[in-house]
Each structure stands twice: as C-alpha cells, then as structure tokens.
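Chain letters run A, B, ... following the sequence lines, proteins first and then strands; every chain starts at 1.
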There are 2 protein chains.
Amino acid sequence: MINVRVVAFILGVLLILEGAFMFLAAPVSIVHGDNDALYILLSSLATALAGFLLWISFRNCNKNIGKREGYLIVSLGWVLFSFFGSIPFLITGAIPSYTDAFFETISGFTTTGASVLNDIESLSHGLLFWRSMTQWLGGMGIIVLSLVILPILGIGGMQLFIAEVPGPTPDKLHPRIKETAKRLWGVYFIITSLEVILLLFGKDMTLFDAVCHSFTTLATGGYSTKQMSIAFYSSPYVHYVIAFFMMIAGTNFALTYFIMHFKFKNLWRNEEFRAFLSFIGIFTLGITIILIFTVPEQSIEKSFRNSLFQVVSIITTTGYTTADYLSWMPSAIILLLILMFFGGSAGSTGGSIKIVRIVLLLKNGLIELKRLIHPNAIVPVRLNREAVKPEIITNVLAFISGYLLITVIGVIVVSFMGYDLETSMGSVAATLGNIGPGIGDVGPAFNYSHFNDITKWFLSFLMLVGRLELFTVLVLFTPTFWKK
Amino acid sequence: MINVRVVAFILGVLLILEGAFMFLAAPVSIVHGDNDALYILLSSLATALAGFLLWISFRNCNKNIGKREGYLIVSLGWVLFSFFGSIPFLITGAIPSYTDAFFETISGFTTTGASVLNDIESLSHGLLFWRSMTQWLGGMGIIVLSLVILPILGIGGMQLFIAEVPGPTPDKLHPRIKETAKRLWGVYFIITSLEVILLLFGKDMTLFDAVCHSFTTLATGGYSTKQMSIAFYSSPYVHYVIAFFMMIAGTNFALTYFIMHFKFKNLWRNEEFRAFLSFIGIFTLGITIILIFTVPEQSIEKSFRNSLFQVVSIITTTGYTTADYLSWMPSAIILLLILMFFGGSAGSTGGSIKIVRIVLLLKNGLIELKRLIHPNAIVPVRLNREAVKPEIITNVLAFISGYLLITVIGVIVVSFMGYDLETSMGSVAATLGNIGPGIGDVGPAFNYSHFNDITKWFLSFLMLVGRLELFTVLVLFTPTFWKK
C-alpha cells in the first residue's frame, strides 16, 4: 500500500514554502511601481493556503517514506509547483492562456527555459522576478534530488555519487536530506550572491537584472528578463562572467562544496569534471575555428566568445544566447545539437544525459573492444580510479538508451502535429534536455508560442521526464508501481 | 603473434572464388552483344591470379585460426573483394574515377546499394550483372559471418543465435563453417531462384533484370538495373513480389531454413520475427494513413503499397524505392529515418542495428523500471522464453550505443565537409546502416556522386564498419589487438 497521506503531507509543506517564496515577488513589483502586487499576493496566499490545508489534514499521518512515496512526492511536487506557480501569470493577465501559463511555469521549475512569451519586457518586475525564481527554486530542488534522493532510489547510476556527497551517510532518508540539503543550499546561495555582485561590477545591469540572471544561471535555467537574452548586453565582461557561472552551475555541487572548503584534491581527481572541461574545450575550439573561417569580418575574440558562450550555455543546458547560432554553418549547428545530449555534471542543476554517463558510455565502449580479444579477462570500467559495478554500467546504458528512445518517440509525436524534422528534433532535444532554445523553429530567434496546445502539453511532459531523470516519472506509469 | 600467413592463405582462396564469380559476367556481356567481355575476363583472371599467388605462397602454413585471425580475414576480405571487384568498372571506363569505382563496389559487397552512377542504364549487361552479383556475394558472406563466425567471436550479442543455427555445434571454427554454410547457402540459392521465377511471371521484367533484382533483393542490397529503381516497373505485382522477398531476406536465414523443413514452431516462437512483422505493420499503417490524408488523389491501394514497399525496403536495409519519399510529409520522412536504425533480423542479410537488439533494448528498459521498485528481485530479460544473460544485455546496449556514437561522429565529419544537417544525417544513417538512399541530398531522387572524394572514402569506411557489426572492424584499431 502506498502511503498517500505522507505524500500529501509533504506536498503541503512544500506548497507552503512555494507560497512564501512567491510572496517575495510582491514587494519587487511595489518597489518598481508595477500595479500587480495585489495579484501576486493573492496567488501566494492561495498557494500557501492549499499547502496549509494539506498539512493540517495529514499532519498526524504515519511518517514512513519508502521508495514509492519518494517517486510520487518528486513527480507530483514538480507538477503541483507548476500548477500553483502559474497562477500569477494567469490572474494578472500577463499570460492569458492556461496552457501557456503552465508551460512557462513548468519550463521554469524544470529549469528548462523554453518560453512562449513574445514580449518578455512587457511583464511586470514582480512577474519577471517570480519567473526567474521558479528556475532558482527548481535548481534547489534538483540539487537535493540528484545528490540526496536519487542515489538512494538508485536511478540511472546516480548511486555512484553517494560517496562524493558531503555530510553523513545514514541509511534513513530523513536526516540525510536535512543535513546535506542545508550544506548544498548554502553553496548555491553563496554562488548566486557572488554572481550578482560580479554582474553589478560590470555596470551593464541593474540590480534587478543581475539578481534575476543570477537566479537563472545557477539553475542552468536560462530565463532572461530580455527578449534578446544575453545578446541584449553588449559588454564582453557580462558574457564571460555568465559563462563562468554557467560552468560552475554545470559542475557537481558536492565538488563545488569541497572547493569552497579548499579541498582541491577532489576536483582534479574527478573524471567527470575533467571530461566536462575537455568537452567544453574541444567543442569551443571546433566552433571557434568554423566561425573564424566563415565569419571573417568578426574579430577572433568575438568568434571565440560567441563559441564559448553558446557551447557552455548548451552543454550546461542553460539556454542563454548571445548569438543566433542557426545562422552559423551546418557543421557548427550539428555540434551544438550533439551537445544538447551531453548535459551538465551529475549533481549539478544541468539536465540532459549528464557528462558522467557519457564518460562511462565511452569507457565501456573501449573496454568492450578489449573484451572481444580477451573474453575471459575481467576488465572493469573505472571511474575516479575505482571499478564501477557492472549493474551500474547496465543502469547507465539503459538510461542513455531510454533517453534516446524517448527522444525518438518525441520527435515522431511532434512531427505528427505537422512540424518539420529540424523543429521536431530541436524542440524535443531542448525540452527533454531542459535546455530551452533548440534548432529549427525553436532556435534562438524564436520561441515556443507557435506550437499548438497539445504539443505544448506534450513538451511540458518531456521537460518533467527529462528533469526527473526519466525513470522517476515513468515508473509511475507501470502497473508494478501500483501493485499490492 | 597473429598468424598472418593463414590470413593470407584464406584471402587467397577467397580471391580465387571472387575471380570465378566475376568470370560469369563475361558470357552475360557476350550474350547481350556488349563489347566489354574481354575486359571483364581480364579482371576476373587478374583477381584469380592474385588469389592463386597468395594461395601457392602460403599453402603450407600453420592452419590454426584464432579470434584475431578471424577478425583480420573478415575485415580484409571485404576490403580486398572491393579492391579487385572494382577493376571491371575501372578498366572498361564505365566508372573512370578510382574513388567512385571503389565506392560503388564496396557499396555492393557490403550490400549497401549507395550508388555514384548518374546513368545506370548506360552500363553494359556484364557490368550490371557483376554489380548485382557483388551484392549477392556480399549477402552470402554476411549470412555465414552473422550466423557462423560472429557468434563464435562473441560480437554484440550474436552468441544468442548459436542455438538457432541448424547443423552441428562443434567448438572448432572450421567444420562448423563448412557444414552450416552449405546449408544456409542452399536456402539462399533456392529463394533467389524462386524470386526470379515469380518476377518472370509478372512479364514486366526480362530474365536479365529478374536475375539481377533477385540477387540484390536477397542480399538486401538494393542495386537496381534501372536509374529509377523499382519505380521503373509500374506493375503492382512486381512491387508486392519484391516487398515479399525483401521481408524474407530480412528474416534470420536459420529460421527460413526451418520453414523450408516444415518446422513452423520455430517461426512463431521467435520473438525477433514477430517484432519484425509488428514493426513493419505499425510503420506501414502510420505512413499509409499519412499518405491517404496528404495525397488524397492517390488510390488507397497505392498509398498502402508505397508505404509498405518503402517501409520494408528501409527496415530490411535494402534501399529499393518505388516513390520519392522525400516529397512526403515530414512525419512520414521521420518514421523512415527512424526505421533506418532498426535493420533486418540478426542472421539475415539486413544491416543496421537489427531487430533483436531493438527488442532487447525495449525489454530491458521496461525491466529497469521494475527493478526500481523491487531492486532486490532478480528479473532477467527474456527472449523466446529464455532468460538472457546480463553480459549479453550489456553487450547489446554497448553495441547500440556504439552504433549511435559512430553515427554522431559520422554526422560531424560529413557536416565538416560542408554538407547540411539532413544530408549529413541521411548519408551517414544510410551507409552505416547499409541501406543506400537516405534523406537530404541522398534521397531517392539523388545519389552519392556529388560528394567529394574524402567524403566518399569516409562513407565507404562506414559501410564496412556497419556491415561487419562495428566491433569486427574497430577492434583492428586497438593496440590490444596487435599486442604480443
């Protein structure tokens, strides 16, 4: 029997928190002289009230949380947050269609950054703040999910990273979440503040824009307060600062925690981090060379910067843009399309397949070749010098195959709605990978507003599935989950 | 130490056989009054002579064949066959460029069917016969390779099918090859003859065309004697007959052997076969519906026939066409593009990933979901009611990932040559999968002649890698292979 009551209880607590965070958007609107503070306040109260009702009804429930309850809380949590989070957009009339408001909000909480807005600057400061904050909160959720909860649930090889997590390693879910979450959120908060300060130094951004962009950088979300995204800011300083923080956001937060405690050993020893940097280096170099040859009128610095920014933005699944990369050569576009399947490091806010899985995939491939010649030799795949259990390799390979399978099914579905190959591929890769802009008609110069409603709901579902490491959501659709 | 001498000896024997088969093209030219019989004869003699020299030099060698020798013979065999097989095209002047002649020949022996010819009908009957025969011989090689040699070498889960192969199951490579090969080739020959007879019944084809097309159907090769491919023949009868034989050619030849011995039990029990039929059914239905709605002026029968033919042609990796599918809706094109990664059954002449691997991928994915809820329960993946060993699952998943990885690298390489996304994807999917026509500029209305030489050599390499189940070729590039 699934303990539905504790699920409802915890969702209640989470909704109260969401209401509290939403509340913060009201003063932002007031300070900037927008006239929608009351609406935001009402939305916040409605959210908190819904949470309170759940909390009060189930507060005496049995507090045992097993795996099934864990899966339910996580999946429903993201959906409920998006449901209530969309209220401010709806009741202010900023996004009149419910489908659109939900799409924009789940795109926030899943840190995707795919938008349906054709005029972002027309939104009030309070709504823009809330929109950025959905991503920041989604990022907080993901860090705890990927570093604390998923390793325990054993999804897609995530148990690999248990050893890397700071804090105690008890068997019970509860104390672990509390202690570890606090430490990781401390890191998250400090780095966000640091980015705000550095962005303000550039004098190109207001405090408001600096805060909003820092929220969405750390979450690798990519929502900007400008329709032009980061291309709005001409200063190279801003581009480099944001690129740097996207790279931090795409790094395992447990690693970052160690760095902040001056334990650099963990950093160099970490193969995922080295691979992450290497991929960025190789792809940046490749695209820089293409740009130097094909856009000779542009300075080499700018070619490098545009290449670096777009590569980092896509590999970390942030989705900010400083250039319309669809105007580049097909080879450069293809490199970016491939990067959409890489994703950030495990334990970061980045989405998609994740670097460590790509690394294990490549290493296992090489070892398969060795096994062909010495079939009886036992050659384990090693990560950070330690042998990886075969089950984890199967797990990782199943994850990657599952990811690609869902991509393929997604492309079929979207193309059946009447969209072309590139748009279908681009929108599926960019939503399942939680990136935002893709290729085709969802490139940097476009957005998701032109899709029909069914497609928008479908892509929302893909964002959720991608964000929650596929199986967390898919398992809810198996009969086994609900049995007994 | 690798026994290079026995490799040379066997290659010698194989070359003598190639020379003998090539010889058969000379009388075909003479009968049809073409004036290039002498050139074909000379090519045939040169090939046989080269083989004879190898044979005579190494006939006293140590005849021990281990795994490494096996890999070398297979890979070098295909390359050498293509090298000598291209001589007739070159010395008759039919294909003046060496790159083109090699491309056309390796595309034959790998049963790919990607052509560089802009006017196929201008070739003499002897050359067309030889061109079709390269595919037929390639198909013979593949049947033995996939049903007899690869299971012993243990590549990509091929050991699964050992039990299905008729004939004795000794530990030694040699007697097994001889006995089993004879039986399988018997089946291959009988079915080819059957197709010739049925095609002649249609009265739409000459004996020459019927033989050539039967050669390339059974090999799932797809070389036609007509520039328009099967679209040249307007008779639905021809289309259905060829579609039927493509389906047989895409079925495990061991299964077909059982059918011919009236052991139908093996057929219904075989999950790969059922999945093969199901995939054909689902994709045909999907595309038929699209065609009925988007090409309403066409009869339903024709929509169904065009859908069925193209689906069967691509899933079996044959590559014949009766319609320019690139003029269809994007969703139909996407379905065909996806099919390019399915391939025929293992143990058939079809290329690409193969149905059984797709089936295991899907089953393992479902079981991963179950494992999430019951992590300690041992739930094996089952195929044909028997549990599949975890090593084989890892093997299969590694194969699929490797296949996709090579596809990705291939697309990058081709796009760097300056080709667009669809052409890069289409040409790589269609050569690695041994299909022939793809999407973009290698669609049914085009061919491969417009690529530059480097790309042609690269695509030739992909055909070889795809045809030999990836690892057979790639292993030769590892240091481990050459060590000690």
Side-chain angles (χ1 to χ4, degrees), chain A residues 67-68 71 153-156 286 290 329-335 337-338 341 361-362 364-375 390-391 393-395 397-402 404-405 408 411-412 415-425 439 471-472 474-475 477-478 480-481 483, chain B residues 67-68 71 153-156 286 290 329-335 337-338 341 361-362 364-375 390-391 393-395 397-402 404-405 408 411-412 415-425 439 471-472 474-475 477-478 480-481 483:
Chain A
K67 288 196 165 197
R68 293 172 198 230
Y71 290 120
L153 297 178
I155 286 190
I290 295 173
M329 287 286 289
S331 47
I333 299 172
I334 286 170
L335 288 179
L337 179 62
I338 290 162
F341 292 88
L361 171 76
L362 296 175
N364 185 60
L366 287 178
I367 283 178
E368 279 292 318
L369 285 177
K370 280 193 192 161
R371 282 193 199 120
L372 283 182
I373 306 164
H374 305 294
E391 304 95 88
I393 298 293
T394 316
N395 226 269
L397 294 178
F399 181 91
I400 296 176
S401 340
L404 297 177
L405 190 67
V408 166
V411 172
I412 295 178
S415 74
F416 261 83
M417 301 291 165
Y419 303 100
D420 66 38
L421 176 65
E422 296 201 8
T423 304
S424 306
M425 280 175 43
I439 64 166
F471 295 126
T472 320
L474 298 183
V475 77
F477 296 92
T478 60
T480 329
F481 184 84
K483 242 182 241 166
Chain B
K67 288 196 167 197
R68 295 172 197 231
Y71 291 120
L153 296 177
I155 286 191
I290 296 173
M329 287 287 289
S331 47
I333 299 172
I334 286 170
L335 288 178
L337 179 63
I338 290 163
F341 292 87
L361 172 75
L362 296 175
N364 185 60
L366 286 178
I367 283 179
E368 279 291 316
L369 285 178
K370 281 192 192 161
R371 281 192 199 121
L372 284 182
I373 305 164
H374 306 294
E391 305 94 89
I393 298 293
T394 317
N395 226 269
L397 294 178
F399 181 91
I400 295 176
S401 339
L404 297 177
L405 191 66
V408 166
V411 171
I412 295 178
S415 74
F416 261 84
M417 301 292 165
Y419 303 101
D420 65 38
L421 176 64
E422 297 201 7
T423 305
S424 305
M425 280 175 44
I439 63 166
F471 295 125
T472 321
L474 298 183
V475 77
F477 295 93
T478 60
T480 329
F481 184 84
K483 243 181 241 165

Considering all heavy atoms, the nearest B:Leu397-A:Thr394 contact: CD1-O, 4.0 Å
Spacing of CD1 belonging to B:Ile333 relative to CG belonging to A:Leu421, to within rounding of 0.5 Å: 8.0 Å
Proximity breakdown for A:Thr478 and chain B, heavy-atom pairs closer than 4.5 Å: side chain
Structural part of A:Met417 lying under 4.5 Å from a heavy atom of chain B: neither
For B:Ile338 against A:Ile412, the heavy-atom pair lying closest together: CD1-CG1, 3.2 Å
Atom group of A:Leu362 that falls short of 4.5 Å from chain B, counting heavy atoms: side chain
Rounded distance (nearest 0.5 Å) linking atom CG of B:Leu404 with atom OG of A:Ser401: 8.5 Å
A:Thr423, part contacting chain B, at a heavy-atom distance under 4.5 Å: neither
Which atoms of A:Ile400 approach chain B - backbone, side chain, both or neither, heavy atom under 4.5 Å: neither
A:Leu337 portion near chain B, given a 4.5 angstrom heavy-atom threshold: side chain
Which portion of B:Leu366 sits near chain A, non-hydrogen atoms under 4.5 angstrom: neither
Side chain, backbone, both or neither of A:Tyr419 within contact of chain B (heavy atoms, under 4.5 Å): backbone
Under 4.5 Å from a heavy atom of chain B, the part of A:Leu474 involved: both
Side-chain heavy-atom pair B:Ser424, A:Ile334 within 4.5 angstrom cut-off: yes
Pairs of heavy atoms under 4.5 Å with chain A: top-ranked of B:Pro330, B:Ser331, B:Pro390: B:Ser331
